[in-house]
Amino acid sequence: QAKKEVLGVSMPAATHSFMAGAVYWANEAKKDLEKAHPGMQVIVKTAANASEQASQLQDLVTVNKITSLVVFPFESAALTKPVAQVKSKGVYVTVVDRGLTDPSIQDAYVAGDNTAFGKIPAEYIAKSLNGKGNIVALRGIPTTLDNERMDAFNAVMKGYPDIKLLDAKHGNWNRDDAFKVMQDYLTRFKDIDAVWAADDDMAVGVLKAIEQSKRKDIKLVFGGAGAKGAIKTLMDGSDPLIQANVSYSPKFMYDAIKMTGEARLKGEKLPANNIIPSVLITKQNAKDFYFPNSPF
Amino acid sequence: MSLTVEFRKVTKSFGPVQVLHGVSFAFEPGRTYGLLGENGAGKSTLMKILAGYLEPSGGEVLVDGAPRHFRNSREAEAAGIVLIHQEFNLAEDLTIAQNIFLGHEKKRGLLLDDDTMRREAAQVLRQVGLQASPDTRVRQLIVAEKQLVEIAKALARQARLLVMDEPTATLTPGETQRLFAVMAQLKAEGVTLVYISHKLDEVEKVTDEVVVMRDGRFVTRQPTASLTRHEMANLMVGRELSDLFPPKDPPPETPPLLQVRGFRVPGWAEDVSFEVRAGEILGFAGLVGAGRTELFEGLLGLRPGEGELQVDGKRLQLRNPGEAANEGITYLSEDRKGKGLHVDFGLRQNLTLMNLHAYAQPWLNPAREQQALKEAVQSFGIRTGDLEQRASALSGGNQQKLALAKVLQPKPRVVVLDEPTRGVDVGAKRDIYFLVQRLAREGQAVIVISSELVELIGLCHRVAVMRAGRLAATLDQAGLTEEDLIAHATGTR
Amino acid sequence: MPPELVERQARPARAAALWGKLHGFGPIAGLVLLCIAGTLLNGDFATVGNAMNVLQRTAFIGIIAVGMCFVIISGGIDLSVGSMAALIAGCMILVMNKVAGSIGSPVAVIAIGMLLALLLGALFGLAHGLLITKGRIEPFIVTLGTLGIFRAYLTYFADGGAITLDNALADVYSPVYYGSLLGIPFPVWVLVLVALLGALVLNRTAYGRYVQAIGSNEQVARYAAVAVDRVKIMTYMLLGLCVGVATVLYVPRLGSASPTTGILWELEAIAAVIVGGTALKGGAGSITGTVVGAVLLSVISNILNLTSIISVYLNAAVQGFVIIIVAFLQRGRR
Amino acid sequence: MPPELVERQARPARAAALWGKLHGFGPIAGLVLLCIAGTLLNGDFATVGNAMNVLQRTAFIGIIAVGMCFVIISGGIDLSVGSMAALIAGCMILVMNKVAGSIGSPVAVIAIGMLLALLLGALFGLAHGLLITKGRIEPFIVTLGTLGIFRAYLTYFADGGAITLDNALADVYSPVYYGSLLGIPFPVWVLVLVALLGALVLNRTAYGRYVQAIGSNEQVARYAAVAVDRVKIMTYMLLGLCVGVATVLYVPRLGSASPTTGILWELEAIAAVIVGGTALKGGAGSITGTVVGAVLLSVISNILNLTSIISVYLNAAVQGFVIIIVAFLQRGRR
Ligand SMILES: Nc1ncnc2c1ncn2[C@@H]1O[C@H](COP(=O)(O)OP(=O)(O)OP(=O)(O)O)[C@@H](O)[C@H]1O
Ligand SMILES: Nc1ncnc2c1ncn2[C@@H]1O[C@H](COP(=O)(O)OP(=O)(O)OP(=O)(O)O)[C@@H](O)[C@H]1O
Ligand SMILES: [Mg+2]
Ligand SMILES: [Mg+2]
């Protein structure tokens, strides 16, 4: 019988379907781990903002007495100090998705690939437009994460001088905001070849706006993250505008928790960096990314 | 100590409506003046100009011979001129002491010296005869008590010239006597007093000279002793006034319309029983705090109360004024500004509020509302330059007339009038008395709560006297004298 | 009221009427200026298509703002409208998906959904009204509480993700948002209808007068035999109904509800009411102003979307400045 | 005056005092009940460590709520405090990072940062106050506008990402949040100090009295020759200062500012004030109540963190219910 291991999980609240997916996977991991290892307790907490998450970390340590922590920081910079506080109490720390500004704090890092998240759509769009055309982009909520993706996207596009990025406004990862921004793009630009919606939720709003305008010039809408609705559309081929997606699965939450839990029970260390690659999803490989039970 | 004030060709316009037309006269030091005039004559406006609350449109005010231009009340108060407003100016969330010293706080270093302020407040409260702790929030006071706080506030200011704008409109004789005592003391100290009132007997009693205004103009200044009350009234109104009260009708023989048995309003009234007949005018007398207002608020469902209530033989339990109105009972509150009128509303909206469904079929008909307003303005003698203005622009007495018109709009079977002639000039008072009599003749039961005993005696068929929450006596016409009423109210009989 | 103001108000009928009109024109003047600016910045701004887009999007907030206008005039506030809309949308979709199996006609299913939306709206409004009047709790607190409750239940029902309307239903339902009559989209018609009805109720019925009377001075209204509690409850129910109507129009737009649906709609709706010239403390206000306020807010973000003269990061700042400036143009009624 | 009268009048005064006391205990009673519930749900709730944690993190909202209490009592409102805190934090970090190059002593750098925070807070408050009084714009609109403006500028300065304090500085600065004196963390001391000062100013200075008078009846205050505009401006400046102080404590906690910093703090601060028994329409209120209200709100989320009896999705619902129930327990002052 292994000694009692308490693993705390702290992550942003499910205010967005990607995060809901992450919460779903965290709970799956909790179920599986606790079933497999009776000596193990997993506590999953969600926070509405960075400062609440910092409080939560404190509570996990002082009250729940966790021995290891898997943290999906609300924000890299803001959570660096609070995580360092946890670490200083001797807790084993795995950081997910958004790396701390001081990487020396974390014992392990598990993340999706934000650079690829911007790079893959850029390459796909450039290729399918044959290096020439007009595109518009939608951005998420202003964050470091959003910056990384946009930078990666722009970096690729530098190589295609004939592709013109007409504008990139914030749709805040929100269907309604994306709908409005796209409606106005359509008013403003008479000729658009492709849209980088940068998120499957925003793609929903974008598609509706295009449908309403009955415009035929747009050939491609690229979302991102591989939400189940989007993957389904891709599998069924039900929307000609949706031809590909890029994976950024919230399942890394499951992996991070499971790996951390098991490594701790065995007293092993995790590899310091575990980047789960973002890959291009097309009709061919779509079914590998389809999880009908996950909310995402 | 005291000072001289002279008005020179003072004019005042609110927009194009001119309400003061070049007023010139002077107040000599150390004397007590009665300032008389009909509702809307411009008395309050002139005094507000004097005390720095309003800017004159033209002319000037001289204080001790030098032209002064007060930009706000603090400057006027620094010069020793203090005004007690006709409308209360109290912050309801603050305590009595805090209100008394608002804007003039006593300090010890940076901090407030609350102990001193409380002590001094208690002292002026004692002077005006208000038995309340200085820490009571003003919200919890009844109207008469608020009036006493206003007076106390002015006393705490060390005035050299004190203007009192209808200080006794809501006071009962006891408080009024005490106020007169205070005034006598101030006068002895050399303070100039200006006393605005529509109660001519009081004016006659306490003033040395009267100043009469009419339609925004100075009419005359004469020694009080040289005038009879009748002459004063005629000067104000500018025409000959006949009898103030209508001749009394014999008491009706009809069965009781409203019967109240053993009614109790917890904390304010116990075991009150009375009845009124259709066509009868029943008065309610009592000292401040006797519980008259609360009794009727309890009956109308405005505060918790229990007991038996019958209208036309039907037992009722009224849970709110809406139900009362459905039964044909309406109530005019003594607190005009706080409970009687929407001062930010237009006259029309105020007038028809209690009877709105009569103007909605289902859409409101502004033309008919306007028609009703015109009729009310006519029959209640509401003096206003403009029918479209807000109620707050009316003079105090005219607001009272509007409030009265409002509660009579639904044509109630039983109407309860709490201080119906508060702040109303003699001419209008007479009109109201005649109106009350007409209502009774038309078969309404009228209950008049009043602190003016003369009014009760002159108008009512019977008068119920309350003392400390209980009905002390019900007197009918035969035995009605002021002495009787006071004796029952104070319990000396 | 400061003496200067007292004087101003006394200004006679003519001046008062003129001032009233000018005042009423405040938000309209702001809107016109904004439209001129929009046209200068982008020629496409002043097209019928763009105008229809803007009006169509304004519909939700506009309709909610009409209800909010009543609540604010009566001296209340409702912070929960965005969450309420989201929860109603979620319940509506869930129920429609469910009954679609047993009821053949999609039109009937949608009718059931619509009815449910209105019913839920009225019910939530009733709950607010009862807590506020009978429970004697500050409206701010009650609706702050339900703001959290409604959204939490939506998130719970949606399992954190999105609740999506079945495709077959969505296709039948979609014209309710995307369809148009005489070239004007349905949602715009509904907004106009709701605004006209609202204006009529506020200005030409006894109920509307009571709402104003309560907001102006509750005590006086009570003494004047106004059934204060009942009128207040009805006001919150009216707002709930408006939220229901807005939701009925919202669902066909994206065919889904998620935890981000309706976020900050309460602020937008309240801002529309107040930019439209109604004082937050109640007593008086205008439905026309409110609708103009709602359009004005939409136009600001429309113009920002149509131009790129400014860093995207500063969009919210521009919005803030414009709101303050418009409010400044029509100030001075307090 | 007859003796009965004197007797009768003594009663309301005593009753009123008792009621006042009971009323003041409303939020405290709520807090006590909540703490009992917390202890039953998790034994570790009632430890000193946990109590300190809760108080420490209440500090920001508590301090802001003290300032907000003044604004609300005066009849105003400020929706911008969260954004203001974020912008101040951002500016503070940028300036500290910059001057750290030229000034050797990190302590001096931090002192400069702190001063800047207070200065900016007062300045923003001044801007609010001027727009509201001299510009005669509704406080709701002014601060809704600046809510957008402040956050937009922070986003702009941060280029959409985060502004992070240099590590060397962060280490020196960190004890301001994490350090403690006599076993009590610094932020708690500061909160206590601010609350005591606030209570002193509100109840024992002429300024505090004027704030209450203005909120109770602005015209009366004007008639009493209170410099209404000046007092109001000072009230917003005071709140700005409180935001500055809160930021000074916040920066060492997370060492960074980003566009999501301080989101919804305004709602929390306002809720603390109102749960604490102050009416939204102003006139009267209590600092103690406000602080208790702030603690109460923290305790709710602390308890939710410590237990897992309920779906995480429903946390917000539990918060909503508790807020409404607490408000219900201490209702009835209106
Ligand atoms: N703020 C105002 N706006 C417009 N008109 C006003 C305003 N204040 C007073 N008036 C008008 O000025 C005239 C004089 O009013 P004032 O209050 O001075 O009368 P008063 O002599 O005090 O009457 P009362 O005996 O009824 O108190 C009235 O016709 C009134 O309608
Ligand atoms: N809201 C209140 N809170 C506390 N005490 C009150 C309140 N209202 C009235 N009182 C007290 O109750 C007593 C009864 O007042 P009430 O209004 O019944 O007298 P009244 O006979 O109507 O007087 P008036 O002749 O002035 O109208 C007063 O002494 C007053 O101190
Ligand atoms: Mg007068
Ligand atoms: Mg009375």
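Throughout, protein chains are lettered first and strands after them, A, B, ... in sequence-line order, and every chain is numbered starting at 1.
- Formation of a donor-acceptor pair under 3.5 Å by the A:D97 side chain with backbone atoms of A:F74 is not found in this model.
- The most heavy-atom pairs under 4.5 Å with chain C, out of A:N174, A:D176, A:V181, come from A:D176.
- Of the atoms belonging to A:D167, it is side-chain heavy atoms, and not backbone ones, that fall under 4.5 Å from chain C.
- For A:A168, the part sitting under 4.5 Å from any heavy atom of chain C is the backbone (N, CA, C, O) and nothing else.
- If you tally non-hydrogen atom pairs under 4.5 Å between each of C:S298, C:S256, C:A158, C:S174 and chain A, the highest count goes to C:S256.
- Of the listed residues (C:L304, C:T307, C:N315, C:T261), the one with the most heavy-atom contacts under 4.5 Å to chain A is C:T307.
- Between the side chains of A:N134 and A:D193, not a single donor N or O lies within less than 3.5 Å of an accepting N or O.
- The residue among A:R139, A:K169, A:M19 with the most heavy atom pairs within less than 4.5 Å of chain C is A:K169.
- Residue C:Y156 qualifies as open at atom OH: its count of foreign heavy atoms under 6.0 Å is 12 or below.
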Let me check something: any side-chain donor-acceptor pairs from residues 34-51 of chain C under 3.5 Å, sequence neighbours excluded? List them with distances.
from: C:T39; atom 1: OG1; to: C:C35; atom 2: O; distance (Å): 2.7
from: C:N42; atom 1: OD1; to: C:D44; atom 2: N; distance (Å): 2.7
from: C:N42; atom 1: ND2; to: C:L306; atom 2: O; distance (Å): 2.9
from: C:T47; atom 1: OG1; to: C:D44; atom 2: O; distance (Å): 2.9
from: C:T47; atom 1: OG1; to: C:N50; atom 2: N; distance (Å): 3.2
from: C:N50; atom 1: OD1; to: C:N302; atom 2: ND2; distance (Å): 3.2
from: C:N50; atom 1: ND2; to: C:F45; atom 2: O; distance (Å): 3.0
from: C:N50; atom 1: ND2; to: C:N302; atom 2: OD1; distance (Å): 3.0

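- Aromatic pair A:Y248/A:F18: ring centres closer than 6.0 Å.
- Looking at A:K228, there are no atoms closer than 4.5 Å to chain C (heavy atoms on both sides), in backbone or side chain.
- The aromatic rings of A:F252 and A:F72 lie tilted to each other, with the angle between the two planes from 30° to 60°.
- Each of A:V44, A:V23, A:V96 was checked for a side chain to side chain contact (heavy atoms under 4.5 Å, CB included) with A:M253, and the lone residue meeting it is A:V96.
- A side-chain donor-acceptor contact under 3.5 Å links C:S258 and C:T260.
- By the 6.0 Å contact criterion, NZ on A:K158 is open, its count of non-hydrogen atoms from other residues, nucleotides or ligands being 12 or less.
- When the heavy atoms of residues 146-153 of chain C are compared with those of chain A, none of the residues falls under 4.5 Å.
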